[in-house]
Amino acid sequence: MFLHIFKYELLSSLRVKDLIIWLMIFPIALGTFFKIAFGNVYARNTEFSAIPAAVVGAENDPAFRNVCDSVSEGDEALLKVTYTDEKTALEMLERGDVEGIFYAGDEVMLTVAGSGLGQTILKSFADRYSVSAAIIKDALMNDPASAPAVIAAISEDVSSCREIPLTEGNTDNMVQYFYNLIAMVAMYGAVTGLHVSAGNQANMSPLGARRSCAPARKSVSIAASFLGSCIIQGLCMVLCVSFVAFALGVDFGSRLPLVYAAALLGGCMGVSIGFFVGALNMPESAKTGVVMSFSMLMCFFSGLMVGNMKALISAKAPWLNMINPAAVVSDSIYCLNIYSDYRRFIVKMISMVIITLVFVALGLILTRRKKYASL
Amino acid sequence: MENTVVKIENLVKRYGELIALDHFSLEIKEGEIFGLLGPNGSGKTTTINCLLSLLSYDKGNIELFGKKMTPVSYDIKKDIGVIMQNVAVLNELTVYENIDYFCGLYISDKALRKKYVEEAVEFAGLGDFVKFYPKKLSGGLLRRLNIACGIAHKPKLIILDEPTVAVDPQSRNRILEGIEELNRAGATVIYTSHYMEEVEQLCTRIAIMDKGRKIAEGTKEELKRMIRNTETVTIEIIELPEEVRAQIASLPHVYSAEHDGERLVICCSGGKHNLIRILDVLQSRDLGFGRVYTELPTLNDVFLEITGKALRDKED
Ligand SMILES: Nc1ncnc2c1ncn2[C@@H]1O[C@H](COP(=O)(O)OP(=O)(O)O)[C@@H](O)[C@H]1O
Ligand SMILES: [Mg+2]
């Protein structure tokens, strides 16, 4: 029975072309718009995991050179270092090929042109290095065998300055718009989920009444519809993330599978919101309006329209960011791309599960009724 | 030995202030085609929805197949075929898929279901349309799909709520013949309609409803015997002096004679040669008249006499 209902639920949802088209067209249009609008700024900022910098005088400072080399290695490189002389370095800085110049020596100096995310990171790198420089020099001099370990430890430490953007409130706004776009599509899951309750309740649609006459348990029927909607919504989420990642070129690095996971969970959360709203006692046409405005409002608070909205809210009403479903989705992706550990990401994922369960439970309470006073 | 399939006792249903069903009782035996006849708003759909346990009711008792009907009486529900007043099909599924979908809610055996679905397609005459989506079907075909979805699982009790509203005559006949066929195959049928001709043609027993009450019940012959009208004579006549009308009205067996400027309508109760006596009066006065016809009583007359108003809406 479950499989039978589920099969036809999928089939019919897949054929609701307007739903899928609307679910996809608006985000695609908006995403493309973001891409065009912020193309330049954004292209530079995505490179932030490897900031181009020139180093002058490294030949006289093996300790600094060692650290620079070690933070320029691998996928998660912090810097892209060019060793050169002062004249070339200045030319490169002028052309914008590098974001700053380090002058090696007793005191590492930094020259940057302008101010921005990259410059901030370089600055913090230089500061942190200065603090540790004595230890490295000591190691190289007295115990060369232990040097690599010391350098590795210190590189690790200075690399953590990539987290500075968040702690200093200097967020990468452009990329956040794309995270919010994914959150918006997740919220659209509410539209997909609307019919789950209406289609199974006798007082809400002729189909609901007709289904209630069949010897199928309402819980089975609702579960099959719900799962079907989640899968359809999941499909939309996969399309959306793929579009953002591959067509718009937003770089999620090796975390892409987890971005998909966050989007899928977000989609289910959207469906659960739709399930809940669908079960409310109000006209069908009003429900679509309600879910659309709710999603848009949540997306507004999470910064889809105004970039620094979320920073504002996290300052003024941090609890809102914790329960705003759209913010939770975009934050989860944000955490993935900012922090190297998964703790904050997992917290966001758990929040999504909780929000989903809350809405499902509320929806179930509302749809529990079997007989109605009026059809 | 006839089994009682449906038993409704003293059903009362209120929508707020409005009393939609007022101590309504009904008993339907196995094998009947039972007609619920009544004008729009008389409470037919409300009765059906209470019967199906979709609606809560204020008072009364409902039993189907000898068991109390509740929303979770799945064992009862599996033997019922429901064709609701509002077409309920999935717009994104084809005709075939729709029938399979609904049939599958009752029958899980795939091979059996395939056979049943094909039989339902054949039954409803939808063979040329199996790949059509409901939106592409005409009103009549859509109703036939609605019916096919309701009967595919071969239910023992079939409930049809106004299945022929807004249906072309061809589809209507097909639907009525289909219902008779299902009944011959053993199904008990409940049929609601505000078209008395249909009910008269189809149903073995009829309950007439008005304002939530059952005002009469019986076979069509029994119902007609309940009223004094046995014959209605209509004469097309433009000019008719009042004393002539009064003279006709006072003829034996005539209990009413009304003239509306175009037609004289005379209702008779019993007696023979009523028509001849009436025409004699007109001829003796040298009054010219057009067509003359006489009708045997219809269910409309039954309704008219009991409630004082016509059953038939003027639009139909
Ligand atoms: N959901 C409802 N709320 C309030 N009144 C209703 C509702 N449904 C039906 N009614 C009223 O109940 C009466 C019976 O309606 P219904 O059972 O639909 O009649 P029928 O099917 O014979 O046309 C009508 O007066 C109708 O206006
Ligand atoms: Mg009705």
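Numbers restart at 1 for each chain; the letters A, B, ... are given by sequence-line order, proteins then strands. As a basis for the values below, the full set of heavy atoms in this structure was taken, side chains included, without hydrogen atoms, waters or symmetry mates.
- Heavy-atom pairs under 4.5 Å with chain B were tallied for S221(A), S212(A), A202(A); the largest tally goes to S212(A).
- Nearest heavy atom pair, residue V82(B) against residue R210(A), reads O-NE, 3.5 Å.
- Of the candidates V87(B), L90(B), N91(B), V89(B), L207(A) forms a side chain to side chain contact (heavy atoms under 4.5 Å, CB included) with just one, namely L90(B).
- A 6.0 Å sphere centred on NZ of K136(B) holds no more than 12 heavy atoms belonging to other residues, nucleotides or ligands.
- Atom CZ of R213(B) has 12 or fewer heavy atoms from other residues, nucleotides or ligands within 6.0 Å.
- Aromatic ring pairs are classed by plane angle as parallel below 30°, tilted from 30° to 60° and perpendicular above 60°; the pair Y101(B) and H4(A) is parallel.
- One finds the CG atom of L375(A) at 9.5 Å from the CG atom of L52(B) (value rounded to the nearest 0.5 Å).
- Heavy-atom neighbours of chain B within the stretch residues 258-278 of chain A, taken at a separation under 4.5 angstrom, are nonexistent.
- By the 4.5 Å heavy-atom criterion applied to side chains, M1(A) and L105(B) are counted as neighbours.
- Atom-to-atom distance recorded for S374(A):OG and R14(B):CZ is 15.0 Å, nearest 0.5 angstrom.
- The neighbour count for E122(B) CD, taken as heavy atoms of other residues, nucleotides or ligands under 6.0 Å away, does not exceed 12.
- The two residues Y74(B) and P215(A) make their nearest non-hydrogen contact at O-CB, 3.5 Å.
- C213(A) places a side-chain heavy atom less than 4.5 Å from the side chain of L54(B).
- Other residues, nucleotides and ligands contribute over 12 non-hydrogen atoms within 6.0 Å of the NZ atom of K68(B).
- Using a 4.5 Å cut-off on side-chain heavy atoms (C-beta onward), K7(A) and E97(B) make no contact.
- In this structure the side chain of Y8(A) never reaches within 4.5 angstrom of the side chain of N98(B), judged on heavy atoms.
- Ranked by heavy-atom pairs under 4.5 Å with chain A, the list Y106(B), Y133(B), Y15(B), F102(B) is led by Y106(B).
- Under the 4.5 Å side-chain criterion, counting only non-hydrogen atoms from C-beta, K371(A) is not in contact with L55(B).
- Surrounding CG of D109(B) are more than 12 heavy atoms belonging to other residues, nucleotides or ligands, all under 6.0 Å away.
- The shortest non-hydrogen separation linking S56(B) to A373(A) is OG-CA, 3.4 Å.
- Residues N49(B) and Y372(A) have side chains that never bring a donor and an acceptor to within less than 3.5 angstrom of each other.
- Neither the backbone nor the side chain of D58(B) comes within contact range of chain A; no heavy atom of the residue lies under 4.5 Å from a heavy atom of that chain.
- Here S53(B) is the residue among S73(B), S108(B), S53(B) with the most heavy-atom pairs under 4.5 Å with chain A.
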